[in-house]
Protein chains: 2
Amino acid sequence: MGTKPTLQSLASTLGVSRQTISNVLNNPQVVQASTRDRVLAEIRASGYRPSAAARSLRSRRSQTIGLRIRPAVDGINGSLMDAFLHAVVECSQRRDHRLLLITATSDEQESSEQAALHTTGAIDACVLTDTHRDDDRPSALLDAGVPFVAFGRPWQDGPADHSWVDIDGAAGTRLATEHLLGLGHRRIAFLGWPEGSGVGDDRRAGWRLAMADAGVPAEDLALGVLDQRTDDGVVEGTQAMERARRAAATAAVCASDSLAVGASTVLRRATTAETARTAVVGFDDTPVAAALGLSSVRQPVADAASRVVDLLIERLTAPDADPRTAHPVHDLLTPELVLREFDPRLDQHAP
Amino acid sequence: MGTKPTLQSLASTLGVSRQTISNVLNNPQVVQASTRDRVLAEIRASGYRPSAAARSLRSRRSQTIGLRIRPAVDGINGSLMDAFLHAVVECSQRRDHRLLLITATSDEQESSEQAALHTTGAIDACVLTDTHRDDDRPSALLDAGVPFVAFGRPWQDGPADHSWVDIDGAAGTRLATEHLLGLGHRRIAFLGWPEGSGVGDDRRAGWRLAMADAGVPAEDLALGVLDQRTDDGVVEGTQAMERARRAAATAAVCASDSLAVGASTVLRRATTAETARTAVVGFDDTPVAAALGLSSVRQPVADAASRVVDLLIERLTAPDADPRTAHPVHDLLTPELVLREFDPRLDQHAP
DNA sequence: CTGAAAGCGCTTACAG
DNA sequence: CTGAAAGCGCTTACAG
């Protein structure tokens, strides 16, 4: 093997300056084609790779993005962030950037860890996920001068002073509700979370709007009637659906697949198996929904990830990199409804 | 704010050499206590953080570990790697190391990507997961000179020339089987995957040994009798359990929670609800098992992650860092059995 | 289009 | 215990 090739060693081998090689790598169009080809051939032959540290030290860019990973509380819904994470890595890699993971036990710790990494130059920017009401992270990062893009809109009022990408949950539940209305259902319950979570309220809003548009009277949409609220979970979904059944619900749009799985067991008992499946729509299109044959709202997470990375890199490579001048971009992506067929194999144990 | 502090600027402020500050950071014991305190105070006050790039360029260590992330095929079983990933990040961070994520579509691509990152100095080492029979990655990384530790033993024969940490699946299924034997079951099926996957065969082996020790005749343990093999999945678990029932099985040890969830629906029908739950044991102790009240074998993934990171950093900081001289370490951790109680709320829809 | 110079901010030897 | 020197391997100006 010998020693690892450097710009220096390559340059003497080729009889050109280090400079030229650097240009071939970073500004190919500025180098004469014949020289470029000769250099590229030697780079390939020698297995030369520029030192990340040296490049980063000189250019003041690490080409690295930070992201906080959270422990999966719920194996069912966790797969969404999993898909997002995977897509972010893939997009970053394709664009010659790297993804660095951090953990934290609080938002404050997350912000300060990201800021610390940014100060050392280990990351150029970071991605924020799981935004929520009164989220302190955007202002903390803005203050610390850490460029970032959020996956998730800011849920409190006021103008957003940062870029974000989100998925339009209300559009998703609207689709789901309209689908059930189209099947002839009128008393369609919404099984969702207690008020106060931005994501949950957003999903409820889509159902409510679709129902109102269809002329369902407001008193039926009231809390405790077709509007059922509960913590997330399979058992909770079953219980909420039982309450909705007492309000004569024949179908349900759910804020999560966990709730939908729970709800489907009630409907399965109550009607024919086929009706049961088609009368519940979950959210997130998790593998569990697929396994059980439940329809679900699919969030375009890969698109969201790709957009987040695009915005981040755009911001980092912008000629005017001043975050105060760059105006924030907001992107709301529309989910799609995944309809599933009744799977007879699954129903061997149904009544 | 002004400009970002550097060793240089701190040194002139304090009237010491850059050197001394560097020593305070990297070899505190070598600096006089009074000087050290003065320097530390100024570091804190100024918010100084050493440049990762400069440090890495000079020391030839990036304090960064690479890991390939895979898309979750199955939301149920994916949470295991999720927990592992989280623990690896946490341990690395605690030990002043960072975790870099990569994606790949093949093992070859993974190895070459890790080797490339190692050549640029972006990572010092990497973690291998999901080892399998005829895994080419260890030799590829060894050839490329990339230090690594595997989470998962090498499943082919021959001496392992690299360090690994794994969880003793056979010990887990043995525990599960002995538990069911203790409850009075004799005809305990094993629902597992087709032969050839190291992990799956290992789990089957534990059941087989425990059954043989209990004096269950070999013909009952035969393939197609109590030994049922199938692809992973809920539906597959149900089907496999139905076949096992025809061989008069009253209980089952499963290679995964997905299979256990499927199996439990069969037993639920067949016996009392309580028996059903206690007569199935899953594997991985996923949130789904917890939600459904299924007993399961819990893998100590956090311990495994911690051990992997320890070994990796040990290897990196060893005075003799030559991988050929350092003898490989092998660690097999023992899982534990998580027993769950019957949850009556869940059984409202049982016959 | 190509090259000689400077310097990014550290740590690693080594001398006092 | 402390300091002056060298240099890690690049890229960014700038001059030809």
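Protein chains get the first letters and strands the later ones, always in sequence-line order, with residue 1 at the start of each.
In this structure, a donor-acceptor pair under 3.5 Å is absent between the side chains of A:E42 and A:S46. A:Q8 and A:T6 are not linked by any side-chain donor-acceptor pair at a separation below 3.5 angstrom, with hydrogens and angles left out of the test. There is no side-chain donor-acceptor pair under 3.5 Å between A:R18 and A:N23. Side-chain atoms of A:H97 and A:D124 form no donor-acceptor pair, as typed in the model, at a separation below 3.5 Å.
B:H162 and B:F148 have tilted rings, their planes meeting at an angle from 30° to 60° on a 0 to 90° scale.
Distances shown here put every side-chain N or O of A:S51 at or beyond 4.0 Å from the OP1 or OP2 atom of D:dC8. B:S22 has a side-chain polar atom (N or O) that falls below the 4.0 Å cut-off from OP1 or OP2 of C:dT11. Within the 4.0 Å cut-off from OP1 or OP2 of D:dC10, not a single side-chain nitrogen or oxygen of A:Q8 is found. Residue A:S17 places at least one side-chain N or O under 4.0 Å from the OP1 or OP2 atom of C:dG3. One finds no side-chain N or O of B:S59 lying less than 4.0 angstrom from the OP1 or OP2 phosphate oxygen of C:dC10.
Between the CZ atom of B:R61 and the C1' atom of D:dC8 there is a distance of 15 Å, given to the nearest Å. D:dT12 atom P lies 14 Å from atom CZ of A:R18, rounded to whole Å. Separating the CG atom of A:L10 from the P atom of D:dT11 is a distance of 12 Å, rounded to the nearest angstrom. We find that CD1 of B:I21 is positioned 15 Å from C1' of D:dA4, with the value rounded to whole Å. One interatomic measurement links the two molecules: CZ of A:R55 to C1' of D:dC8, which rounds to 16 Å at whole-angstrom precision. Here the P atom of nucleotide D:dG3 and the CD atom of B:Q32 are 11 Å apart, to the nearest Å. Per the geometry, CD belonging to A:Q29 stands 12 Å off C1' belonging to C:dC1, to the nearest Å. In this structure, the CG atom of A:N27 is 12 Å from the P atom of C:dC1, given to the nearest Å.
Exactly one of A:I65, A:L67, A:V127 qualifies for a side chain to side chain contact (heavy atoms under 4.5 Å, CB included) with A:S92. That residue is A:I65.
Between D:dG3, C:dG9, D:dC10, one nucleotide has an atom nearer to the side chain of B:V16 than all others, and that is D:dG3. The side chain of B:R58 has C:dG9 as its nearest neighbour among C:dG7, C:dG9, C:dT2. Between C:dG3, D:dT11, C:dT11, one nucleotide has an atom nearer to the side chain of A:T20 than all others, and that is C:dG3.
Of the two residues near DNA chain C, B:N23 and B:A54, the one whose nearest nucleotide lies more 5' is B:A54. Comparing B:L57 and A:T35 against DNA chain C, the residue whose closest nucleotide sits nearer the 5' end is A:T35.
Other residues, nucleotides and ligands contribute over 12 non-hydrogen atoms within 6.0 Å of the CZ atom of A:R70.
The closest side-chain heavy-atom distance from B:V89 to B:R98 is not below 4.5 Å.
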Applying the Watson-Crick and G-U criteria (both distances under 3.5 angstrom) with [ ] for crossing and | for other-strand pairs, one obtains for DNA chain C |||.||||||||.|||
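Contacts of A:S56 with the nucleic acid, taken as non-hydrogen atoms under 4.0 Å apart, are absent. B:R60 comes within 4.0 angstrom of sugar-phosphate atoms only, judged by non-hydrogen atoms across all strands, and of no base.
Donor-acceptor pairing under 3.5 Å, judged by distance alone, is present between the side chain of B:Q19 and the base of D:dG3.
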